[in-house]
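As the structure is a prediction and not an experimental result, all values here were calculated from the model. Lettering of chains follows the sequences in order, A, B, ..., and the numbering in each one begins at 1.
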There are 2 protein chains.
Amino acid sequence: MSRRGTLTRERVIAAAAAVADRSGLAGVSMRSVGGELGVEGMSLYHHVSSKDALLDALAEWAIAKIDLPPPDAPWREAMETRARSARAVFVAHPWSIAMIESRPAPSAALLTHHDRVLGWLFAAGFTAPLATLAFSTVDAFVYGFALSETNLPFLPSPGAEAEFAATVSPDPGAYPNLSRSLTELLSSGDYTYPSEFDNGLTLILDAIQAQLDATRDA
Amino acid sequence: MSRRGTLTRERVIAAAAAVADRSGLAGVSMRSVGGELGVEGMSLYHHVSSKDALLDALAEWAIAKIDLPPPDAPWREAMETRARSARAVFVAHPWSIAMIESRPAPSAALLTHHDRVLGWLFAAGFTAPLATLAFSTVDAFVYGFALSETNLPFLPSPGAEAEFAATVSPDPGAYPNLSRSLTELLSSGDYTYPSEFDNGLTLILDAIQAQLDATRDA
DNA sequence: ACCTGAACACCGTTCAAGT
DNA sequence: ACCTGAACACCGTTCAAGT
């Protein structure tokens with residue numbers, strides 16, 4: 001849309017993100033990103049070496065948006081902040097979820113992230129096996145939850161409730177437990193699916209905390 | 001590859017899965033799937049209405065491969081069996097991970113899955129909120145773990161250790177905690193990243209079990 | 001009824017040509 | 001140095017034509 005100024009690698013990546021936000025990852029083509037910048041698709045090759053390189057850069061762009069507390073932050077707060085921030089980025093840019101994890105080579109940005117996370121845990125006295133368990137479990141949860149959340153409006157959430165009820169209700173006999181669950185959750189009044197993220201995260205972090213305490217006692 | 005017999009919807013879907021296994025989702029085109037069957041790409045339109053419909057069918061094909069214990073199975077065993085089976089399917093067909101959750105409309109197969117899972121939990125005395133927490137947390141973990149596992153050989157695993165060490169080792173000062181973690185885990189001798197799946201699943205299911213027991217006592 | 005060939009509007013990418 | 005137009009080998013999809 002902004003067709004002024006000279007092309008830079010940064011402007012190309014930002015334009016690609018804008019196209020992805022608007023049209024999904026499938027809408028990102030060299031020509032469409034060029035169009036976003038008022039330029040032919042072929043011009044982009046002066047700033048990125050290939051479409052694949054552009055996608056790698058796009059993955060890094062998303063990772064960089066995740067809030068990463070400082071190395072000396074307390075482990076639990078830091079893990080929560082990072083998890084919530086990652087989820088917010090994934091919801092704002094759904095195309096980034098599968099992408100961050102599916103680029104063939106782990107980027108320097110991702111390695112830095114991982115190193116920082118392990119730093120919080122080691123500083124708190126985690127052993128390497130427990131740190132790995134904590135890290136991989138929380139990360140898997142965050143990625144998987146975001147994946148479900150952005151693509152599967154399965155449980156009540158603003159706007160999705162009606163759709164979901166419409167899918168399940170026509171034949172309650174076909175999905176009796178889904179119907180029951182829906183009815184019970186909605187009757188309680190204050191239920192929203194998004195709050196399940198904090199519930200799950202707390203469940204996992206509490207369990208890890210308990211294991212950490214057990215390690216210390218031993 | 002098998003170019004005999006008449007085309008059916010099932011053969012088209014199976015051919016698409018074979019192409020995806022071999023060349024990834026990006027390698028699936030109407031022409032390539034046709035080629036797999038010894039037929040022109042245009043012929044497929046007699047059996048699937050569009051490429052998008054073919055991808056929907058492919059998602060269902062993968063879901064159907066996940067082992068789903070009977071409605072009267074004990075909840076924890078059933079959840080474990082389904083989780084491990086889902087992970088196995090995702091590892092065998094990496095293209096299916098993002099796909100199952102990213103098709104716009106939840107398929108009947110997926111709704112049936114969800115209903116069965118809720119059935120195990122309700123039979124065991126879960127409240128609707130606790131069932132939802134259990135379900136969404138376990139599912140998020142399974143999806144997210146599979147996503148990391150197939151695309152991010154970050155931690156020691158057969159064959160990936162060398163690569164990973166090569167990425168981290170050149171400059172141990174850049175990733176001190178990653179280096180430390182790697183060293184400690186490898187020195188213990190029997191560590192493998194894939195076993196982290198069972199560890200994480202157990203952590204989550206133990207925590208849920210504890211909440212269920214607390215519910216019963218109250 | 002099922003398969004095909006040509007055609008259309010797209011892709012990523014290369015390269016010689018313009019400025 | 002940076003951008004472009006034409007070209008190549010691909011896409012998904014339509015449709016008239018073949019069997």
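Evaluation of the salt bridge (Lys or Arg N to Asp or Glu O under 4.0 Å) test over residues 86-100 of chain B, restricted to residues two or more places apart or in two chains, returns B:Arg87-B:Glu149.
The distance between the ring centers of A:Phe126 and A:Trp75 falls below 6.0 angstrom.
By the 6.0 Å and 45° rule, A:Arg84 does not stack over the aromatic ring of A:Phe197.
Computed from coordinates, the B:Met30 CE to C:dC11 P distance equals 19 Å when rounded to whole Å. Protein atom CG of B:Asp52 is 11 Å distant from nucleotide atom P of D:dG12, rounded to whole Å.
The nucleotide whose nearest atom lies closest to any side-chain atom of A:Ser29 is, among C:dC11, D:dG12, C:dT13, C:dC11. Across D:dC3, C:dG12, D:dG12, the shortest atom-to-atom separation from the side chain of A:Leu7 is found for D:dC3.
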Under 3.5 Å for both distances, Watson-Crick or G-U wobble, that's the pair rule; now give the dot-bracket for DNA chain D, with | marking pairs to another strand and [ ] for crossing ones. ||.|||||...|||||.||
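Under 3.5 Å, the side chains of A:His47 and A:Arg11 contain no donor-acceptor pair of N or O atoms. For the residue pair B:Asp21 and B:Trp95, a side-chain donor N or O sits within less than 3.5 Å of a side-chain acceptor on the partner.
Atom-to-atom distance recorded for B:Ser32:OG and B:Arg22:CZ is 8.5 Å, nearest 0.5 angstrom.
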Verdict with supporting geometry, B:Phe90 and B:Tyr143, ring-ring contact (aromatic ring centres under 6.0 Å, His included): CA-CA 8 Å; B:Phe90 294 151; B:Tyr143 281 120; 5.4 Å; yes
The test is salt bridge (Lys or Arg N to Asp or Glu O under 4.0 Å); show your working for B:Arg82 and B:Asp139 and say whether it passes. CA-CA 10 Å; B:Arg82 174 171 167 278; B:Asp139 252 38; 3.0 Å; yes
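Among the heavy atoms of the strands, none lies under 4.0 Å from A:Val33.
Side-chain N/O atoms of A:Tyr45 include none lying less than 4.0 angstrom from OP1 or OP2 on C:dT14.
Both A:Ser49 and A:Gly27 sit near DNA chain C, but only A:Gly27 has its closest nucleotide nearer the 5' end.
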Output a table of nitrogen or oxygen pairs between the protein and nucleotides 4-7 of chain D separated by less than 3.5 Å.
residue, atom, partner, partner atom, Å
D:dT4, OP2, A:Glu40, N, 2.9
D:dT4, OP2, A:Ser43, OG, 2.8

